[in-house]
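Any value given below was found using the heavy atoms of this structure, including those in side chains, with hydrogens, waters and symmetry copies removed. Every chain is numbered from 1, with letters handed out A, B, ... down the list of sequences.
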Amino acid sequence: MPDVQPRLLKGFRDYLPEVQLPKERMLSRIVAVFESFGFAPLQTPALEYADILSGKCGEEGDKLLYRFEDHGGRGVALRYDLTVPLARVLGQYGNLDTPFKRYQIGPVWRAEKPARGRFREFVQCDADIAGTKSLLADVEVLQVACRCFERLGIEGFRVRLSNRKVLSGLLVKIGVGEGPAGMGVIRTIDKMDKIDEDGIRKILRDENGLESSAVDDVFAFTGLGGDSAADTLNELDAYFGDIEVGRAGVAELREVTGYFEPAGIASRVSLDLSLARGMDYYTGTIAEGVLTDLPGFGSVLGGGRYDELVGLFRGQSIPAVGISVGVDRLLAGLQELELVDSVSTPTEVYVTLFDGDSIAEAMRLSSELRAEGLRVEMAPEPVKLGKQLRFADRKGIPLVLVAGPDEREQGKVAVKDLRHGSQETVALSGLAAELRRRLDAPVESEAASR
RNA sequence: GUGGAUGUAGCUCAGUUGGUUAGAGCGCCGGUCUGUGGAUCCGGAGGUCGGGGGUUCAAAUCCCCUCAUCCACCCCA
């Protein structure tokens with residue numbers, strides 16, 4: 001019996017190498033995409049004063065905050081997302097050049113009940129543009145989202161786009177105020193793809209308290225949709241008549257969708273009037289990314305425009321728009337789809353130890369290869385060769401070097417490729433280049449190795 | 001937070017109406033192989049049957065409590 005039972009808090013996870021390695025590779029690709037658009041990194045603390053974070057994500061959001069008192073009696077909380085800390089930074093430093101384009105990658109914490117693809121600690125990757133009202137920024141952020149998915153080799157994804165002002169217009173149309181009542185209606189609309197029309201009508205009437213004419217109005221709204229986004233938006237204009245917010249939202253969507261073609265995201269982003277987003281702070285564009293092969297899995301990307309949030313930390317408001325990629329959920333989703341190669345080591349070359357006499361030579365060889373940029377692991381002890389090979393094979397290391405008396409005498413080394421079992425004796429001079437060549441060569445089919 | 005289901009080896013599970021030392025497959029370790037992995041065959045290690053209490057001559061099995069996990073609702077990355 002151990003003194004302490006090893007265990008994990010609910011909703012928290014360990015990332016063992018076979019998961020962490022693919023995850024970090026995903027992250028570095030995402031960073032590459034962010035930087036390709038000129039976003040610069042920002043890092044902020046995990047812990048903030050509680051009043052900085054509370055009240056920004058809706059009443060529901062506050063319940064999900066991990067908050068407590070520190071040793072000095074200060075009310076503190078773990079950050080709930082990366083957007084509010086960014087708003088704090090924008091409010092705190094007056095001398096930032098705008099537009100300020102930053103990306104941030106880090107864990108956030110929410111005291112939710114964990115479920116499939118939902119954790120209490122998870123990593124978000126945010127890219128935001130602050131300091132401009134231009135809708136080109138909204139388009140750019142959508143572009144970034146699409147490029148991220150593409151760069152990760154994910155084919156089955158879709159970004160749903162809508163606008164908060166359009167939803168506000170709908171609420172005006174059906175005579176429901178903003179706030180809890182309005183959010184209730186919007187959430188019901190969000191469930192349209194899960195529940196049939198009769199069910200939705202029932203919820204709208206019984207739970208959201210709508211008149212039946214208002215229910216009809218809701219369906220008239222969600223039923224809109226022509227052959228193209230432009231058609232849909234024209235219908236929407238007519239639907240809103242003289243409701244100003246609604247028309248403003250339509251105008252924004254019209255401008256944003258107008259740039260889809262040159263932005264190269266026309267096939268990825270689609271207008272979806274049933275989209276609702278949880279955060280209270282969104283004011284315009286809202287977007288959500290989903291894996292099309294996992295319906296009902298939840299969103300792996302969220303974002304939108306929040307023009308008033310920064311104003312809470314500063315006299316004047318700073319408009320901003322951004323997206324957030326949920327890598328942990330994305331990774332969990334890709335695992336379910338079996339799209340993640342599980343690799344448990346970065347090692348490319350395994351240097352075996354033939355016997356006690358070969359250690360010094362193997363050590364020198366390993367160092368030389370590392371200096372040439374290869375990732376090299378040396379066996380820790382000269383046990384039976386079979387064991388050393390089995391270890392390398394299990395870890396998924398592609399190449400193994402064996403140097404016994406025969407090879408040493410000739411100044412050569414045996415290179416075995418565990419991917420297809422071929423083996424060749426290679427001269428020590430130019431070895432690194434030779435190994436590199438083999439690693440870069442396409443892997444032959446598995447069948448040939450059996 | 002609400003409702004439902006499930007907890008037996010590292011993993012997936014079996015375990016007959018409560019009855020002796022709780023099983024299988026996979027994995028792991030060793031051997032077959034004195035310089036070569038993924039195959040075969042042989043052998044081996046590994047389990048307070050989630051935890052606590054109760055009923056009983058006897059509990060993995062029945063009852064109560066508790067914890068954990070999964071699914072749906074909810075919410076979202």
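Across the P atoms, B:rG30 and B:rG46 are found 16 Å apart, a figure rounded to whole Å. A gap of 16 Å separates the C1' atoms of B:rG7 and B:rC65, to the nearest Å. Comparing B:rG53 with B:rU16, their P atoms are spaced 25 Å from each other, to the whole Å. Rounded to whole Å, the P atom of B:rU8 lies 14 Å from the corresponding atom of B:rG15. A distance of about 15 Å separates the P atoms of B:rG10 and B:rC28, rounded to the whole Å. Comparing the same atom, C1', in B:rA9 and in B:rC62 gives a spacing of 26 Å after rounding to whole Å. A gap of 23 Å separates the C1' atoms of B:rC49 and B:rG44, to the nearest Å. As rounded to the nearest Å, B:rA60 and B:rG54 have P atoms that lie 15 Å from one another.
We find that CG of A:Leu401 is positioned 19 Å from P of B:rG35, with the value rounded to whole Å. The distance between atom CZ of A:Phe12 and atom P of B:rA68, rounded to the nearest whole Å, is 14 Å. Nucleotide B:rU69 holds its P atom 9 Å from the CZ atom of A:Arg120, rounded to whole Å. Rounded to whole Å, atom P of B:rA68 lies 13 Å from atom CG of A:Leu8. For A:Asp81 and B:rC75, the CG to P distance is 19 Å, given to the nearest whole Å. Atom CG in A:Asp393 sits about 10 Å away from atom P in B:rG37, given to the nearest Å. Atom-to-atom, CG of A:Leu65 to P of B:rC76 comes out at 14 Å; the value is rounded to the nearest Å. What separates CG of A:Asp357 from C1' of B:rG35 is a distance of 14 Å, to the nearest Å.
The residue A:Val402 sits close to a base: some heavy atom pair falls under 4.0 Å. Heavy atoms of A:Glu112 sit under 4.0 angstrom from at least one base atom. No contact: A:Gly289 has no heavy atom under 4.0 Å from any strand. Across all strands shown, A:Asp355 has no heavy atoms under 4.0 Å from either base or sugar-phosphate atoms. Residue-level contact check: A:Gly298 touches the bases, meaning some heavy atom is under 4.0 Å from a base atom.
Annotation: side chain of A:Lys416 is not in contact with side chain of A:Val402 (no heavy-atom distance under 4.5 Å). In this structure, A:Ile30 and A:Leu152 have side chains that are in contact, with non-hydrogen atoms separated by less than 4.5 Å. Here the side chains of A:Leu439 and A:Leu374 are in contact, with some heavy-atom distance below 4.5 Å.
Remark: A:Arg13 qualifies as a cation-pi partner of A:Phe119 under the 6.0 Å distance and 45° angle criteria applied to the six-membered ring. Taking the ring axis of A:Phe122 as reference, the NZ or CZ atom of A:Arg329 does not stay both within 45° of it and closer than 6.0 Å to the ring centre. A:Lys23 forms a cation-pi arrangement with A:Tyr15, by the criterion of a distance under 6.0 Å to the ring centre and an angle within 45° of the ring axis.
Between the side chain of A:Arg110 and the base of B:rC76 there is no donor-acceptor pair of N/O atoms closer than 3.5 Å. At a cut-off of 3.5 angstrom, the base of B:rU36 holds at least one donor-acceptor pair with the side chain of A:Gln423. Contact annotation: side chain of A:Glu407 to base of B:rG35, donor-acceptor pair present below 3.5 Å.
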Problem set entry | Under 4.0 Å protein heavy-atom contacts per nucleotide of nucleotides 25-32 of chain B, with B for base, S for backbone only and - for none | ---SSSS-
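Between A:Glu140 and A:Lys101 a salt bridge is recorded (basic side-chain N to carboxylate O distance below 4.0 Å). Using a cut-off of 4.0 Å between Lys/Arg side-chain N and Asp/Glu carboxylate O, A:Arg438 and A:Glu434 are scored as salt-bridged.
Of all nucleotides present, none satisfies the Watson-Crick or G-U wobble test against B:rG38 with each distance under 3.5 Å. Both distances falling under 3.5 Å, in either a Watson-Crick or a G-U wobble arrangement, occur for no nucleotide opposite B:rA14. The partner of B:rC49 cannot be assigned: no Watson-Crick or G-U wobble pair with both contacts below 3.5 Å exists in any strand. Taking a pair to require two hydrogen-bonding distances under 3.5 Å in either a Watson-Crick or a G-U wobble arrangement, B:rC28 pairs with B:rG44. In a base pair of the Watson-Crick type (N1 to N3 plus N6-O4 or O6-N4) or a G-U wobble (N1-O2 and O6-N3), with each distance short of 3.5 Å, B:rU69 is matched with B:rA5. With both pairing distances under 3.5 Å, B:rU61 is matched to nothing as a Watson-Crick or G-U wobble pair.
A:Gln104 and A:Thr44 form a side-chain donor-acceptor contact under 3.5 Å, judged by distance and modelled atom types alone. Using modelled atom types, one finds a donor on one side chain and an acceptor on the other under 3.5 Å when comparing A:Asp126 with A:Ser324.
The stretch residues 321-331 of chain A touches RNA chain B through A:Gly326, A:Arg329, each having a heavy atom within less than 4.0 Å of the strand.
The aromatic ring of A:Phe391 does not sit over the base of B:rG37, since the test of centres under 5.5 Å and planes under 30° is not met.
Considering only side-chain atoms of A:Lys113, the nucleotide from B:rA77, B:rG1, B:rG35 that sits closest is B:rG1. Taking the side chain of A:Phe354 as heavy atoms from C-beta on, and the options B:rG35, B:rA77, B:rG37, the nearest nucleotide is B:rG35.
Between A:Thr222 atom OG1 and A:Ile200 atom CD1 the span is 8.5 Å, to the nearest 0.5 Å.
Residues A:Phe119 and A:Pro114 both approach RNA chain B. Their nearest nucleotides, taken by heavy-atom distance, put A:Pro114 toward the 5′ side.
Aromatic rings of A:Tyr306 and A:Tyr281 (six-membered ring for Trp) have centroids within the 6.0 Å cut-off, being under it.
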